[in-house]
Structure formats: structure tokens, C-alpha cells
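Counting from 1, the numbers follow the sequence of the chain as shown. Every number for a ligand or one of its atoms is a count from 1 in the order of the listing.
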Amino acid sequence: MQSVLKTAKKIRTMEIRGAGAIARAAASALKEHALSTKTDSLSEFNKEMKKAAQTLLKTRPTAVSLPNAIRFVTRYQGDTVEKARKSIVSSADEFIKRSEKAVEQIGKIGAKRIRDGDLIMTHCHSAAAVSIITTAFKQGKNIRVIATESRPMMQGHITVQQLSDAGIPTTLVVDSAMRYYMQDVDLAIVGADAIGVNGCLVNKIGTSQLALAAHEARVNLLVAAETFKFSPRTIFGELIEIEERSPDEVLSAQKRKSLKNVTVRNPAFDVTPPEYIDLICTEVGAIPPEMAYIIIRDYLGWELEELGI
Ligand code: RI2
């Protein structure tokens, strides 16, 4: 369980973060666990894999790519431990490869929506959104980016570092400056932690404000999301849980002690309704949010089968 516990801790503390990266890390931890499990008994092996899956599932509740990855890897076949192990290794490798390729492909598809001279606004850090922006820049498009800090965890610092390394002129602003700058922006691009069957987007807290400001200024909002970010369970009416993280990330425990009548809340994500989204850029094409069901049916059908649909 060592590798699983280690990965679970890194995901919980956000040493590993970003919905896609979390999912790939979980798949890789399950693979390592399968390879290191000593037992010859298949039922014992199954029990161990289930425990590992549960441990990883509990780390962060919102990014749907995490349960999608875990289910993809743990629906293994085989009537012996050896066969089951082989099946897990190959599913984990396939998941990681598909997910990495997806980020690259999203970059190519999404870059077509960026025009020469565009000023782009992005929020938080999304590998898929950065892939679109850097691909457009590599194609020779003269673009600039405004990136938000994304309090309280400041993932915007990762974004500006990556864009700066790529040579892209970038401005870092506080989250509350979103609307102030939106009037100058040509296109807004964000990532996704989850997409519901109605096409709604669950992403870093503040995304719905960015969407609202973009809508008001008639700026298109492009969402960069692998198909693994779509949530099959929302077809069943399940809601996507919004993670609430520790208040320590916002204000220290010591400072809070002196504020007797103050409660600090720290939701990590919010929901953007589909009507504020222009396109969702996936590795299988750029789709309007209304087509979310088709993506779930055609690319996550194996999950629907397991759910009995
Ligand atoms: P990629 C992040 O969550 C952000 O909300 C980001 O938009 C999303 O994951 C998707 O990221 P967090 O882990 O998969 O920082 O595109 O809470 O990298």
C-alpha cells in the first residue's frame, strides 16, 4: 500500500494537483500496487485492489477524472492473480497514454479558436488550457494572456511560470480584477474538473464569475476538457460534490482565534451553467455543452454499462 498511500497524501495536500494529473497519478499508483502485491489468492488480491481504489477515491471529491480513472483501471479481467495484474497494468498504461495524448490533441483543436493578436484570459492552472495557448503561440500567433492568481492556493503562479517559459507575454492579476480587464479580452479559456450531463462546468472557484463577466462583455468562453472529465453518474441525477478545503488555506488558525464571530469558508470549485459556455474542447472535437450526453454515451459507455444503463 506504500505507493498508494504516498500518492493519496500528495493528492490530498495538492502536491499533485490539476484534475488530469490527479487521475494519471491514481492510475499509476494502482498499477504499482498491483505489481507489488504479494498474494497468490485472487480474492485477497481483489480485496487489496478495492482498498487501494477506496483510499485514492477519498482524496478529493470533485475532479471526476479521478473516479473515472480508478474505475477504468479496476474493471480488470482475469481468473488468476497474474492475469488480473497484467490487465491492471495494461489499463493503467492505456489510461495514462490516452490522457496525455488528449491534452496534446486538445491543444491542437483549441488553438484553431485563437486568432492572431488575441488577448486571452485564463483562471487557475489547467494543463489542457495551457496546451491550447502554447500551441497557438507556437503556430506563430501573436497572443497575450491575462492570468488570475487563483486564491487561496495561487495556481495562477504555475500558469504564469509556464506561459513565461514558453515566451508568451503574460499579465498576472488578482482574481477580483477579472471583470475590470474583461472588456479588453478576446477569448477566455479555462480547464475543467468535471462536466455534467447538462453541459455544466465544475471548475476552480471563481470560474463562474469569469464566465459571467465574459458573457456580459460578449467574450466567448472555451473550456478545455478531456473526455475523462465528463461525469457519467450525472445521468443518474447524481450531483458533483464541491470540495470544501481547510480554512487554514485562507486564514491561519492563530488569526482565526482572534476573530470570535468569523467563520472562514473555502469552497474549491463552483458551477458554471452551460449557457455561459461557447465550446468544450475535448480530444475528440470541440462540442457545444449541449452535446455532453453524447460524449458520455460514446466515450464513457463502459461506465454506463456498469451503472446498469
Ligand atoms: P487540468 C484544477 O483543480 C483547476 O480547477 C483546473 O482548471 C482543473 O484542475 C483542470 O486541470 P486543482 O487541482 O486537468 O488545482 O486541465 O484544485 O490540468
Side-chain angles (χ1 to χ4, degrees), residues 7-28 56 59-69 95-96 98-111 120-135 145 147-163 175 178 188-196 200-211 214 221-231 240-246 249-250 266-272 277 280-283:
T7 303
K9 187 171 173 212
K10 284 187 182 170
I11 294 175
R12 215 174 17 251
T13 57
M14 289 181 72
E15 191 181 328
I16 299 175
R17 56 142 300 281
I22 293 171
R24 291 189 291 275
S28 162
L56 290 163
T59 52
R60 293 192 74 191
T62 304
V64 166
S65 44
L66 177 67
N68 281 348
F95 181 89
I96 295 166
R98 263 168 70 171
S99 174
E100 283 169 352
K101 190 101 197 36
V103 175
E104 203 186 308
Q105 189 62 15
I106 287 169
K108 285 186 198 153
I109 295 174
I120 296 154
M121 185 179 281
T122 189
H123 181 50
C124 195
H125 171 263
S126 152
V130 168
S131 172
I132 293 179
I133 297 168
T134 50
T135 304
V145 177
T148 57
E149 283 180 316
S150 310
R151 263 190 62 79
M153 297 302 278
M154 304 292 194
Q155 293 96 321
H157 292 182
I158 307 172
T159 302
V160 296
Q161 184 68 61
Q162 293 183 352
L163 296 179
D175 300 336
M178 272 176 195
I189 307 178
V190 293
D193 285 84
I195 309 272
C200 73
L201 163 71
V202 181
N203 195 49
K204 184 54 56 195
I205 190 82
T207 302
S208 67
Q209 275 162 314
L210 178 134
L221 174 62
L222 188 63
V223 176
E226 301 168 50
T227 50
F228 280 121
K229 305 281 183 73
F230 287 68
S231 169
I240 295 162
E241 185 183 336
I242 301 290
E243 175 183 12
E244 175 138 4
R245 295 185 61 83
S246 164
E249 290 176 357
V250 180
N266 186 19
F269 303 99
D270 63 18
V271 184
T272 299
I277 299 167
I280 303 175
C281 189
T282 77
E283 73 275 21

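Of all protein heavy atoms, the one lying nearest to atom 9 (O) of ligand 1 is Ala19 N, 3.1 Å. In terms of protein heavy-atom proximity, atom 17 (O) of ligand 1 is closest to Lys204 NZ, 2.7 Å. Considering only non-hydrogen protein atoms, atom 15 (O) of ligand 1 sits nearest to Arg17 NE, 2.7 Å. Nearest protein heavy-atom neighbour of atom 5 (O) of ligand 1: Asp193 OD1, 2.6 Å. Looking from atom 10 (C) of ligand 1 to the surrounding protein, the closest heavy atom is Ala192 O, 3.3 Å.
Interface atoms of ligand 1 facing Asn203, defined by a heavy-atom separation under 4.0 Å, are 4 (C), 5 (O), 6 (C), 7 (O), 8 (C). Numbered from 1 in the order shown, with element, the atoms of ligand 1 that lie under 4.0 Å from a heavy atom of His125 read 4 (C), 6 (C), 11 (O). Counting atoms of ligand 1 from 1 in the listed order, those under 4.0 Å from a heavy atom of Ser126 are 1 (P), 7 (O), 11 (O), 16 (O), 18 (O). Atoms of ligand 1 lying under 4.0 Å from any heavy atom of Cys124, numbered from 1 in the order shown and given with element: 4 (C). Every atom of ligand 1 is numbered from 1 in the order shown, and the set under 4.0 Å from a heavy atom of Ala128 is 16 (O). Remark: ligand 1 atoms within the under-4.0 Å shell around heavy atoms of Gly20 are 14 (O). Interface atoms of ligand 1 facing Phe269, defined by a heavy-atom separation under 4.0 Å, are 3 (O), 5 (O), 17 (O). In the vicinity of Met14, heavy-atom distances shorter than 4.0 Å reach the ligand 1 atoms 15 (O), 17 (O).
Backbone and side-chain nitrogen or oxygen atoms of Ala224 are examined, and none is located within less than 3.5 angstrom of a nitrogen or oxygen of ligand 1.
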Step by step, would you call Asp270 with Ser208 a side chain to side chain donor-acceptor pair (under 3.5 Å)?
CA-CA 6 Å; Asp270 63 18; Ser208 67; 2.9 Å; yes
Take Val64 and Lys229 through the side-chain contact (heavy atoms from CB on, under 4.5 Å) test and state the conclusion after the steps.
-> CA-CA 6 Å; Val64 166; Lys229 305 281 183 73; 5.9 Å; no
Report task. Give the intermediate values and the outcome of side-chain contact (heavy atoms from CB on, under 4.5 Å) for residues His123 and Met178. Result -> CA-CA 9 Å; His123 181 50; Met178 272 176 195; 3.6 Å; yes
Applying side-chain contact (heavy atoms from CB on, under 4.5 Å) to Arg17 and His125, what does each step give before you reach the verdict?
CA-CA 9 Å; Arg17 56 142 300 281; His125 171 263; 3.2 Å; yes
- Given side-chain contact (heavy atoms from CB on, under 4.5 Å), test Val145 with Thr122 step by step and report yes or no. CA-CA 7 Å; Val145 177; Thr122 189; 4.1 Å; yes
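Only side-chain heavy atoms of Arg60 come within less than 4.0 Å of ligand 1; its backbone N, CA, C and O stay farther off. Using a 4.0 Å cut-off between heavy atoms, Glu226 makes no contact with ligand 1 at all.
If you check each of Gly191, Gly206, Ala127 against atom 1 (P) of ligand 1, the one with the closest non-hydrogen atom is Ala127.
To the nearest 0.5 Å, atom OG1 of residue Thr135 and atom CD1 of residue Ile106 are 10.5 Å apart. To the nearest 0.5 Å, atom CD1 of residue Ile242 and atom CD1 of residue Ile205 are 7.5 Å apart.
Residue contacts with ligand 1: Lys229 is included, with a non-hydrogen atom under 4.0 Å away.
Considering Gln162, Gln161, Met154 as possible partners of Ile158, the one that fulfils the side chain to side chain contact (heavy atoms under 4.5 Å, CB included) test is Gln162.
Scanning for salt bridge (charged side-chain N to carboxylate O under 4.0 Å, His left out) contacts around Arg60 gives Glu243, with sequence neighbours left out. In this structure Phe228 satisfies the ring-ring contact (aromatic ring centres under 6.0 Å, His included) test together with Phe72, Phe95, sequence neighbours excluded.
The two residues Thr62 and Ala194 have their closest heavy-atom pair at O-CB, 3.9 Å.
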